[in-house]
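One structure below.
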Amino acid sequence: MTELAPDAGFGRKNPKLKSALLQHKPLSLAGLSERLFGLLFSGLVYPQIWEDPIVDMAAMQIRPGHRIVTIGSGGCNMLTYLSAGPARIDVVDLNPHHIALNRLKLAAFRHLPSHKDVVRFLGETGTRSNVQAFDLFLAPKLDAATRAYWNGRALNGRRRIGVLGRNIYRTGLLGRFIAASHLLARLHGINPQDFVKARSMREQRQFFDDKLAPLFDRPVIRWITSRKSSLFGLGIPPQQFDELASLSEEKSLAAVLRHRLEKLTCHFPLRENYFAWQAFARRYPQPHEGELPAYLQAQNHEAIRNHVERVEVHHASFTELLAGKAASSVDRYVLLDAQDWMTDRQLNDLWTEITRTADAGAMVIFRTAAEASILPGRVSAALLDQWHYDAETSVKLGAEDRSAIYGGFHVYRKKA
């Protein structure tokens with residue numbers, strides 16, 4: 001998932017809200033909803049990215065020499081891209097928690113002794129020795145700000161790095177949302193963790209049809225999914241909620257979420273879908289259970305480790321970073337779903353910089369909550385006319401995205 005638009009206030013003061021409170025001017029319901037979403041997103045949101053990097057790799061066809069700019073989020077995407085040996089990756093994010101997480105993951109590949117140590121640190125749960133590994137191998141090598149962040153104390157008084165000794169994937173806004181979803185399902189007599197007991201696609205389908213699908217007909221769940229704030233933890237801001245709700249006659253997300261949960265549970269073998277493991281077991285599979293994410297697989301470890309120095313992590317917006325780059329200096333752009341959150345002006349500012357900095361053959365990939373690309377009619381024709389939309393590839397690869405969260409995957413190529 002994604003960063004907020006540049007004026008949304010990740011880790012920054014929000015003068016508009018402060019002014020409204022001081023002047024006792026009531027905020028609209030929509031305004032309050034947006035402020036609440038911004039507040040919730042001011043902490044750690046995604047320990048793991050929820051866009052399938054394998055789909056990204058198939059779309060981008062990264063080659064040595066390519067220069068990539070991507071939104072950071074949980075960092076799994078940029079580590080996967082590194083396995084292809086690009087010349088440079090600039091990672092941007094406005095959330096300081098994501099910045100610290102991305103830098104920690106890079107340090108783990110650079111300084112932990114072996115592939116098994118990296119998997120233990122980033123891929124396993126309940127490994128208390130991870131804290132000692134941080135103190136011994138990583139802390140002395142981190143920059144001061146990142147070291148201070150992970151040595152700092154969370155609200156519960158524990159060192160932040162302690163989550164790597166427990167289960168970081170149960171933390172963050174999304175982790176808490178998944179926990180709440182599990183609780184809600186159990187209150188209706190369904191234990192979502194039972195899904196990982198399925199041993200075939202047929203059993204996966206049966207679990208969905210018999211256990212999960214009927215939940216979306218329950219009145220309380222239909223009521224919850226009609227409220228914008230109830231889905232903030234899934235990374236769905238008010239703007240995306242409206243886009244998704246427009247797909248349903250009831251203006252509720254129950255039908256939309258049911259359809260996407262069906263894709264997550266029924267369209268891919270469980271052994272091959274670590275997103276399903278995170279959603280239902282809240283962890284990655286063990287070796288006998290299934291596959292780890294590509295960046296944690298043994299065959300990619302050496303390439304990632306050897307190329308870590310090619311990544312730079314920036315606390316900045318996408319547009320802000322591109323504005324400081326030379327013309328024709330970027331080959332690949334990864335926007336996640338950031339554009340769903342942007343105003344028309346922000347979209348045009350972004351695509352002005354993308355078009356200026358794009359080298360010959362450059363490519364932009366992004367996702368949308370709804371199925372269609374949001375650019376036509378919002379980004380100026382003068383900009384869009386310089387790009388070709390690959391509709392066939394977009395549809396094909398969108399169907400292959402194992403995370404199943406998004407409605408659309410989109411590929412734009414710079415025209416000759």
Side-chain angles (χ1 to χ4, degrees), residues 11 42-49 53 72-83 89 91 93 95-176 274 277-278 281-287 292-298 300-315:
S42 64
L44 177 68
V45 184
Y46 307 117
Q48 169 199 277
I49 201 165
S73 189
C76 317
N77 55 341
M78 62 90 176
L79 289 167
T80 306
Y81 307 157
L82 272 184
S83 66
I89 301 180
V91 177
D93 209 295
N95 185 321
H97 303 272
H98 290 166
I99 294 293
L101 181 60
N102 275 255
R103 289 175 175 163
L104 179 67
K105 289 184 176 182
L106 288 166
F109 275 88
R110 183 184 295 132
H111 300 300
L112 290 178
S114 70
H115 169 250
K116 289 183 178 180
D117 293 303
V118 172
V119 172
R120 187 179 303 113
F121 192 74
L122 297 175
E124 297 181 1
T125 62
T127 308
R128 296 184 180 276
S129 61
N130 282 344
V131 176
Q132 286 71 45
F134 170 83
D135 291 333
L136 179 62
F137 295 107
L138 304 184
K141 305 294 179 64
L142 289 171
D143 63 275
T146 305
R147 182 170 58 250
Y149 174 89
W150 290 105
N151 277 326
R153 303 282 173 175
L155 294 177
N156 60 11
R158 295 176 171 180
R159 289 173 70 197
R160 286 195 179 100
I161 192 60
V163 298
L164 271 300
R166 300 187 297 275
N167 186 349
I168 190 172
Y169 302 107
R170 289 177 177 258
T171 65
L173 184 60
L174 183 61
R176 293 192 291 272
Y274 64 88
W277 279 91
Q278 285 289 359
R282 306 181 68 193
R283 61 174 175 84
Y284 290 135
Q286 296 294 318
L292 287 170
Y295 81 98
L296 290 176
Q297 293 175 12
N300 295 323
H301 178 75
E302 184 176 358
I304 296 173
R305 184 184 184 115
N306 290 343
H307 299 146
V308 161
E309 300 292 344
R310 301 180 185 183
V311 179
E312 186 170 358
V313 182
H314 309 266
H315 190 192

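Every value quoted in this text rests on a predicted model; they were computed, and no experiment measured them.
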Do side-chain atoms of Lys105 reach the backbone of Leu122 as a donor and acceptor pair under 3.5 angstrom? no
Which pairs, with at least one residue in residues 301-312 and sequence neighbours excluded, count as a salt bridge (charged side-chain N to carboxylate O under 4.0 Å, His left out)? Arg88-Glu312, Arg110-Glu309
If you round to the nearest 0.5 Å, how far is CG of Leu104 from CD1 of Ile161? 5.0 Å
Do Ile304 and Val118 have side chains that get closer than 4.5 Å, going by heavy atoms? no
Got a sec, which pairs hit salt bridge (charged side-chain N to carboxylate O under 4.0 Å, His left out) with one end in residues 145-170, sequence neighbours left out? Asp135-Arg159
Using the test ring-ring contact (aromatic ring centres under 6.0 Å, His included), find all partners of His115 that sit at least two apart in sequence or belong to another chain. His301
Identify, with sequence neighbours excluded, every residue that meets side chain to side chain donor-acceptor pair (under 3.5 Å) alongside Arg120. Asp117
Would you say the side chain of Tyr46 lies within less than 4.5 Å of the side chain of His98, judging by non-hydrogen atoms? yes
So, taking the atom named CD1 in Ile89 and the one named CG in Asn102, what distance separates them when rounded to the nearest 0.5 Å? 10.5 Å
Are the side chains of Phe121 and Leu164 in touch, meaning some heavy atoms are under 4.5 Å apart? yes
Would you compute the distance between atom CD of Gln48 and atom CG of Leu174 and round it to the nearest 0.5 angstrom? 8.5 Å
Short question: side chain of Asp93, backbone of Ser73 - any donor-acceptor pair under 3.5 Å? yes
How many angstroms lie between atom OG1 of Thr146 and atom NZ of Lys141, to the nearest 0.5 angstrom? 15.0 Å
Between Asn167 (side chain) and Arg282 (backbone), is there a donor-acceptor pair under 3.5 Å? yes
Suppose we screen for ring-ring contact (aromatic ring centres under 6.0 Å, His included). Which residues come up paired with Tyr274, at least two apart in sequence or across chains? Tyr284
Checking His111 side chain against Ala107 main chain: does a donor-acceptor pair fall under 3.5 Å? no
Kindly give the heavy-atom pair with the smallest separation between Ser83 and Ala303, and that separation in Å. O-CB, 3.8 Å
Rounded to the nearest 0.5 Å, what separation is found between the CG atom of Leu292 and the CD atom of Gln286? 8.5 Å
Output for pair (Leu138 CG, Leu106 CG), nearest 0.5 Å, gives 11.5 Å
Can you pull out every ring pair (Phe, Tyr, Trp, His ring centres under 6.0 Å) where at least one residue sits in residues 130-161? Sequence neighbours excluded, please. His97-Tyr149
Taking all heavy atoms of Ala294 and all of Thr80, pick out the closest pair and write down the distance. CB-CG2, 4.0 Å
